[in-house]
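The structure appears below as structure tokens.
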Amino acid sequence: MSEQFQHLRVAVEQGHVVVRLRERQILDEMLIRAIGEELDVVVADAASPRIVLDFSQVEHLSSSALGMLITLNSRLQDRSGSLCLAHVNETISEVFRITRLDRVLHIEPDLASARAALLGE
Amino acid sequence: MRMSSEFDPSWRRQWRIGGEREACLQIINQTQQAIESAGLGGTVAFAVRLAMEEAMVNAIRHGHAGDESLEIKVEVSVDASEISVAVEDMGPGFDPDAVPDPTAEENLTIASGRGLTLMRAFMTEVEVVPPGNRIEMRYVAK
């Protein structure tokens, strides 16, 4: 599945999908749009709309990227699915705290806890 | 480019560009190089990059309603202790006090409207100059 994506690495696992963002900086508007379109495909194709979004490669993101995450979260909730973020670094955690999106988005320290959170729901 | 002089040891640039993405990126990248040359680290570079990105996106998206033919003016100065950035568009401006608070409970799930909040959080000072089509920001290195 991941071969069709330029900005994502996608692994379909039992009961959920792990999506690793491959970009170091998610600041550019065009890039954010492209990532959003690829995430739309993942959501549309996923049998189970439970997605772990792996931020281990991501160092920085902008407010437009936050918008993309909110849209993704809403879309998954509309399909009775869920989203969990993992491996979010300190800078990005700070962005989530400042914007209070840590109250909207489910954030776990690592993939194992993210999987457990999604599958335990 | 005017490089440092005896009386003004800062790196200063001024650009007038359309809303093309490539031109915005060139300005950001040149500023990032200047910050690095000034010996300032990754935290400063990230804060300024984020603020410039947000300000230019706001200028194009809101100030010019996406019209890339309209001109944006960008001014930057960098020295070892301070970075100043101004972004001015040709739009009518906006009242920052009228922008909904994106951290209010009822606005948390709205996908847009966080740019000014992030600029204020990461830069030392942010001022929206009336009538609201120019934003001036400073980062003071500690």
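These figures come from a predicted structure and were not determined experimentally. Every chain is numbered from 1 and lettered A, B, ... according to where its sequence line falls, protein lines coming before strand lines.
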Top of A/Ser62, A/Ser64, A/Ser63, A/Gly67 for chain B proximity - count of heavy-atom pairs under 4.5 angstrom: A/Ser63
Best-contacting candidate, A/Val95, A/Leu101, A/Leu66, A/Thr91, against chain B by heavy atom pairs under 4.5 angstrom: A/Leu101
Engaged part of [X] at the chain A interface, taking heavy atoms whose separation is under 4.5 Å:
X        : result
B/Leu25  : side chain
B/Ala104 : backbone
B/Arg120 : neither

B/Tyr139 and B/Phe122 aromatic centres sub-6.0 Å: no
A/His60/B/Phe46 aromatic ring centres below 6.0 Å: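 So the answer is yes for these two rings.
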Residue A/Glu59 versus chain B: region with a heavy atom under 4.5 Å: neither
A/Asp28 side chain to A/Leu31 backbone, donor-acceptor under 3.5 Å: yes
Check: A/Arg100 side chain, B/Thr103 main-chain N or O, donor-acceptor pair, under 3.5 Å: yes
Same cluster (ILVMFWY, side-chain, under 4.5 Å), B/Val57 and A/Leu61: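 Unlinked, B/Val57 and A/Leu61 end up in two clusters.
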